[in-house]
Amino acid sequence: MDTGSDGPKNRPDRKFVLDVTVPARGREVTDALRLGWDSRVGRAMPLSSGTTGADGYRVRIDHAKVDDAIIERLYSELPTDGAGRDFTRHDDRIVLHMVRRGGWRFIGPDHTVTVPAGQFLVRRPDSSRRFQAAPRTQTRIIALPAAYFRPGIGDRDMVGPSDSAEVRLLVAHTRMVEAMLDDLAPEGVRAARAALVELARGVLTRSIDADEPLLAPALIQAARDVVESLLTHPDLSPPVVARELNVSVRTLHRAFAGTPESVTGYIRRRRLERARLELAAHDSVSEIAARWQFTDSSHFARAFRNRYGQTPTQFARSIQAEPDAHGNSG
C-alpha cells in the first residue's frame, strides 16, 4: 500500500496525496484505505465505510485544505459501494462533485441522484444515503461550510452541466489553488478561499460578478482553458472567449490588463507555439499556417519571424540540420 509522499516543500497541513493499491478484496481493501486516510487526515474527518466487489483495488485522493474549505480529486479504479458519511465528511458543509469520468449515484430513502460524466452535483452530506461510484470514476470534489450559502442551498440537491461558465471558472480557480497552495502565505490562503466561496456561490445562483477583482485570476485561467480548447477554431477571438464564459468582452479585457499580454496576444502566442512544434516534425509550412488560422503563408512567416527571429522555413531547416543521437544530420 502506498499512501503518498509530501515531497521536500509540500506542507502536510495543506496538501497530500493518498494513493492506495491493495491486491485484495472487500474488508481488506476498506481497512487498508482507512489506515492510510487516518494516518494522513486523522479521525477529525472520518472516512466513510465502503466496499468493492472484485480482487484488487486502487483509489487515489489528492487532498488540499484551503483554510476551512477542502478540494479533492478522487479516482476509484473499481466499482465502489459505500454508506454513511463521505470523503469530505463534515456535518455542516455543502459538497460539490464535478464528474469527469465514470459516475456517482447517491441513494436515499426518498430519491436517488445520478451524476454522470460531464455533470456536477451540489448536495448536503446525509448519513442516510448510500453512494456508488462507477469503475474508473474521476471526480473533483469541493467542500465548503454551508453557512456561506444560507439560505440558498437548504437540503436540496442541484445537478447541472460541468461545461457551464460558472463551473469552468470554479474549476480553473481550484486548479490554480492546488498548484500554488504550498507557496501561499496565510493571507493568500484566505484570499483563495474567499474566491472559492464566491465562485461556488456563482454555480448555485448561475451568476457570477465577473467584475469582482478577487475573481480575475480565475477568469484569466478559464479564458486560457477556453483558448486551448478552441485553438484551431477559425473564429476564435476575445468575443468568442467572453461568450463561452458568459462575461462581457470589456470584463475579459480588463482581467487580462494585469497580465503581460492581451487575449488576442495569448491566442497568437499559443498558435505560434503549436505551429513551431509541428515545424519540428517537418510538416508543410502552408499546411501549418492554414491549420493554425493564419491568413496565408506570408502572414504566418511574418508573425513567426517577429516572435522567433527566423522564418518558419529557416527554423525547419535548422531542425533538420541538427545531428541526431548518433551524430548524423537530419
Side-chain angles (χ1 to χ4, degrees), residues 14-15 62-73 94-100 118 120 122 139-145 148-149 152 158 160-231 236 238-267 269-270:
R14 293 183 182 176
K15 285 173 63 176
D62 292 75
H63 178 96
K65 187 174 185 296
V66 189
D67 197 36
D68 56 0
I70 295 167
I71 301 171
E72 289 181 347
R73 283 176 289 128
I94 67 162
V95 183
L96 293 85
H97 297 256
M98 289 161 282
V99 183
R100 292 188 56 203
F120 74 86
V122 182
T139 311
R140 187 180 295 271
I141 299 172
I142 301 173
L144 296 161
Y148 293 120
F149 302 91
M158 178 178 174
S162 292
D163 63 353
S164 70
E166 294 80 18
V167 176
R168 285 184 178 187
L169 287 166
L170 176 61
V171 171
H173 180 64
T174 60
R175 287 171 48 215
M176 287 191 299
V177 171
E178 287 170 324
M180 299 169 58
L181 188 57
D182 285 329
D183 299 320
L184 291 178
E187 296 79 6
V189 173
R190 288 192 289 272
R193 190 268 290 158
L196 191 64
V197 170
E198 284 301 314
L199 290 164
R201 280 196 187 119
V203 172
L204 292 178
T205 62
R206 297 183 175 90
S207 175
I208 285 178
D209 180 6
D211 289 319
E212 165 59 56
L214 187 66
L215 305 185
L219 178 55
I220 293 166
Q221 183 59 55
R224 288 171 174 166
D225 292 343
V226 170
V227 168
E228 294 300 319
S229 68
L230 298 177
L231 208 49
L236 179 60
V240 169
V241 175
R243 187 164 61 248
E244 288 286 322
L245 297 175
N246 197 27
V247 300
S248 69
V249 177
R250 172 178 165 274
T251 294
L252 183 65
H253 283 313
R254 189 160 58 196
F256 272 79
T259 70
E261 59 190 347
S262 65
V263 185
T264 302
Y266 181 77
I267 294 170
R269 174 170 66 83
R270 289 297 297 133

Does some side-chain heavy atom of Leu196 sit less than 4.5 Å from a side-chain heavy atom of Ile71? yes
I'd like to check Arg206 versus Ser164 (side-chain heavy atoms, cut-off strictly below 4.5 Å). Are they in contact? no
Can you tell if the side chain of Arg193 reaches within under 4.5 Å of the side chain of Val189, non-hydrogen atoms only? no
Closest non-hydrogen atom pair, Ala192 against Val66: CB-CG1, 4.2 Å
Against Glu178, only a single residue in His173, Arg140, Lys15 fulfils side chain to side chain donor-acceptor pair (under 3.5 Å); can you say which? Arg140
In terms of heavy-atom contacts, Leu252 and Ala242 come closest through CD2-N, 3.9 Å
Minimum-distance pair of heavy atoms, taken over all atoms of Arg254 and Arg250: NH1-NH2, 2.7 Å
What one should report as the nearest heavy-atom pair of Leu219 and Ala210 is CD2-O, 4.3 Å
Has the side chain of Arg14 got a donor or acceptor atom that lies under 3.5 Å from a matching backbone atom of Leu184? yes
So Leu96 and Leu170, do their side chains get closer than 4.5 Å, heavy atoms only? yes
Heavy-atom distance under 4.5 Å between the side chains of Ile220 and Thr259, does that happen here? yes
Would you check, one step at a time, whether the test side chain to side chain contact (heavy atoms under 4.5 Å, CB included) holds for Glu166 with Asn246? CA-CA 8 Å; Glu166 294 80 18; Asn246 197 27; 3.9 Å; yes
Heavy-atom pair with the smallest gap, counting every atom of Val226 and Ser229: O-OG, 2.8 Å
d(Leu144 CG, Ile70 CD1) to nearest 0.5 Å is 9.0 Å
Heavy-atom donor-acceptor pair, Asp209 side chain to Asp211 backbone, under 3.5 Å: yes
Is there side-chain contact between Met98 and Thr174, with heavy atoms separated by less than 4.5 Å? no
Under 3.5 Å, sequence neighbours excluded: what are the donor-acceptor pairs made by side chains of residues 197-204?
unit_1	atom_1	unit_2	atom_2	d
Glu198	OE2	Arg201	NH1	2.5
Arg201	NE	Tyr148	O	3.0
Arg201	NH2	Tyr148	O	3.1

If you look at every heavy atom in Ala218 and Ala172, which pair is closest and at what distance? O-CB, 3.7 Å
With sequence neighbours excluded, what pairs up with Ala194 under the side chain to side chain contact (heavy atoms under 4.5 Å, CB included) test? Leu214
Quick check: are there more than 12 heavy atoms from other residues, nucleotides or ligands sitting under 6.0 Å from CZ of Arg100? no
Those residues that, when tested against Ser262, pass side chain to side chain contact (heavy atoms under 4.5 Å, CB included) (two or more places apart): Thr264
Between CG of Leu245 and CD1 of Ile208, what distance do you get to the nearest 0.5 Å? 9.5 Å
The reported gap from CD1 in Ile267 to CD in Glu228 (rounded to nearest 0.5 angstrom) is 10.0 Å
Sidechain-backbone polar pair: Thr139 side chain, Ile141 backbone, donor-acceptor under 3.5 Å: no
